[in-house]
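In what follows, every heavy atom counts, from backbone to side chain, and hydrogens, waters and symmetry copies are set aside. Both counts, for ligands and for their atoms, begin at 1 and track the order of listing.
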Amino acid sequence: MKYTFPENFWWGSSASGPQTEGRFEGDGKGENIWDHWYKIEPEKFFDRVGPDKASRAYERFQEDVNLMKQTGHNSFRTSIQWSRLIPDGVGEVNQEAVRFYNRYIDELLANGIEPFINLFHFDMPLALQEKGGWTNRETVDAYVVYAKTCFELFGNRVKKWFTHNEPVVPVEGGYLYQFHYPNHVIMEEAVMVGYHENLASAKAIQAYHEMGLAGEIGIILNLTPSYPRDEDNPADVKAAQMADAFFNRSFLDPAVKGEFPKALIAVVKDLEIVPEIQEGDLEIIKNNTVDLLGINYYQPRRIKAKETLVDPTHGPMPDDYFDYYDMPDKKINPYRGWEIYEKGIYDILTNVRENYGNIRCFISENGMGVEGEERYINEHGQIEDDYRIEFVSDHLKYVHQAIQEGTNCLGYHMWTCMDNWSWTNAYKNRYGFISVDIKNDGKRTIKKSGHWFKTVADNHGFTE
Ligand code: BGP
């Protein structure tokens with residue numbers, strides 16, 4: 001069967017500033033929460049590898065863009081690091097950063113690769129975190145100034161902007177489940193963070209549209225479909241709906257419909273943790289929804305009705321309302337521990353078509369992190385990652401089906417272009433189309449999947 005995608009489909013990959021760039025002498029970059037956390041607790045990071053060098057994209061972006069071309073990219077997403085552009089979060093702009101991002105953007109354009117630029121990828125400037133980060137309303141104002149600065153500097157060439165990548169992750173990681181600095185477990189703060197991120201997004205969208213630039217602005221969300229253990233059991237279904245409200249609709253509804261889901265409003269009222277809403281906020285959120293939706297998909301969420309006791313050692317948590325269901329016989333990526341469920345991508349796209357006005361969207365991340373890929377190196381020094389080709393093509397088949405059925409899905413970006421620094425997992429699991437040998441000065445080699453992806457992009461699809 002031939003899977004043909006539209007002529008102008010966006011083929012490419014995604015990455016982020018903090019995971020790729022690194023820090024170099026004289027670059028003027030300020031500290032963000034990752035630089036800081038690594039400094040105080042390096043043992044929390046796999047093999048004690050921090051974000052200080054990452055994949056050295058700051059030095060090697062020209063070579064990287066060339067490799068993107070060789071792997072069929074017509075588009076590529078990365079993020080501007082707030083702490084690079086405005087080292088203290090507010091105030092002076094770092095001219096070295098302006099120079100770097102200008103050169104990077106121009107290099108992409110010169111090679112026929114459209115830059116998709118995201119403004120926030122988990123990387124709060126430390127100076128702002130010290131004043132509460134997203135729990136502090138002042139961060140919203142600082143973010144809007146930062147966003148406008150980016151639009152002014154780069155908006156004549158960048159036509160696709162994103163306000164956040166996976167804004168629910170700083171909520172979960174930083175304020176509920178302790179996998180991002182500052183590692184608090186306080187639901188009231190989590191709600192403030194989510195509220196301020198939503199408000200900041202709407203305000204940046206408003207600012208962008210007011211500037212009248214010829215481009216569009218969206219948000220990138222990790223939409224993790226919640227499946228009940230038993231569809232015929234109302235308690236399981238209710239529990240899955242709660243998980244959906246907490247982790248998907250908390251950002252999807254305000255971003256696309258301009259309003260928060262009723263189930264979530266009921267929870268925060270009930271727990272008496274309604275964030276401070278100032279006059280005009282809700283109108284801004286209502287009137288400034290996204291032009292475009294990026295969808296990251298890795299795994300589903302399997303849910304059952306609450307069976308375990310609520311943990312009394314801390315305050316309220318989202319999972320007071322549901323339990324995770326360990327489904328037998330599921331397919332697993334053992335390195336990351338995430339279930340692989342290809343049809344999930346189709347279910348998300350169908351949901352967006354049926355319940356979110358069939359908004360223009362694209363797959364902005366999907367991929368597979370594998371540990372120890374060097375064992376698949378062949379005699380030509382190339383990693384034969386057939387499992388990645390299978391993973392991507394199996395997901396693309398479902399994307400194809402959704403498009404056939406009318407979903408407005410405009411592209412597919414794999415996570416990621418070249419192996420990069422995966423937060424506390426550092427370089428444990430490799431995701432790229434291109435390998436990066438961190439022990440050998442970051443040497444790049446295209447994997448088998450990278451060559452395969454070029455043929456897919458060139459042929460607008462594949463046959464199987
Ligand atoms: C997404 C993030 C990426 C990336 C990816 C892989 O959630 O947007 O930044 O890291 O997941 O996950 P991980 O790095 O945790 O293995």
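Side-chain atoms of Tyr412 and Asn366 include a donor-acceptor pair closer than 3.5 Å.
Nearest protein heavy-atom contact of atom 1 (C) of ligand 1 is Glu365 OE1, 3.1 Å. Shortest contact from atom 14 (O) of ligand 1 to any protein heavy atom: Ser422 OG, 2.7 Å. Here the heavy atom of the protein found nearest to atom 5 (C) of ligand 1 is Tyr298 OH, 3.3 Å. In this structure, the protein non-hydrogen atom closest to atom 15 (O) of ligand 1 is Arg336 NH2, 2.8 Å. Residue, atom and distance of the protein heavy atom nearest to atom 12 (O) of ligand 1 are Tyr431 OH, 3.4 Å.
Surrounding NZ of Lys148 are at most 12 heavy atoms belonging to other residues, nucleotides or ligands under 6.0 Å away.
When the ring pair (Phe, Tyr, Trp, His ring centres under 6.0 Å) test is applied to His400, the partners found at least two apart in sequence or on another chain are Tyr3, Phe5.
Across Gly369 and Tyr431, no two heavy atoms sit closer than the pair N-CE2, 3.2 Å.
For Phe61 and Phe100, the gap between ring centers is short of 6.0 Å.
Taking any N or O of His121, backbone or side chain, at least one lies under 3.5 Å from an N or O belonging to ligand 1.
A tilted orientation is assigned to the rings of Trp423 and Phe122, their planes being inclined by 30° to 60°.
Every atom of ligand 1 with a heavy atom of Trp338 under 4.0 Å away is listed here by number and element: 12 (O). Numbered from 1 in the order shown, with element, the atoms of ligand 1 that lie under 4.0 Å from a heavy atom of Asn165 read 8 (O). For ligand 1, the atoms lying closer than 4.0 Å to a non-hydrogen atom of Glu166 are 1 (C), 2 (C), 7 (O), 8 (O).
Both tests do not hold together for Lys343 against Tyr398: distance to the six-membered ring centre under 6.0 Å, angle to the ring axis within 45°.
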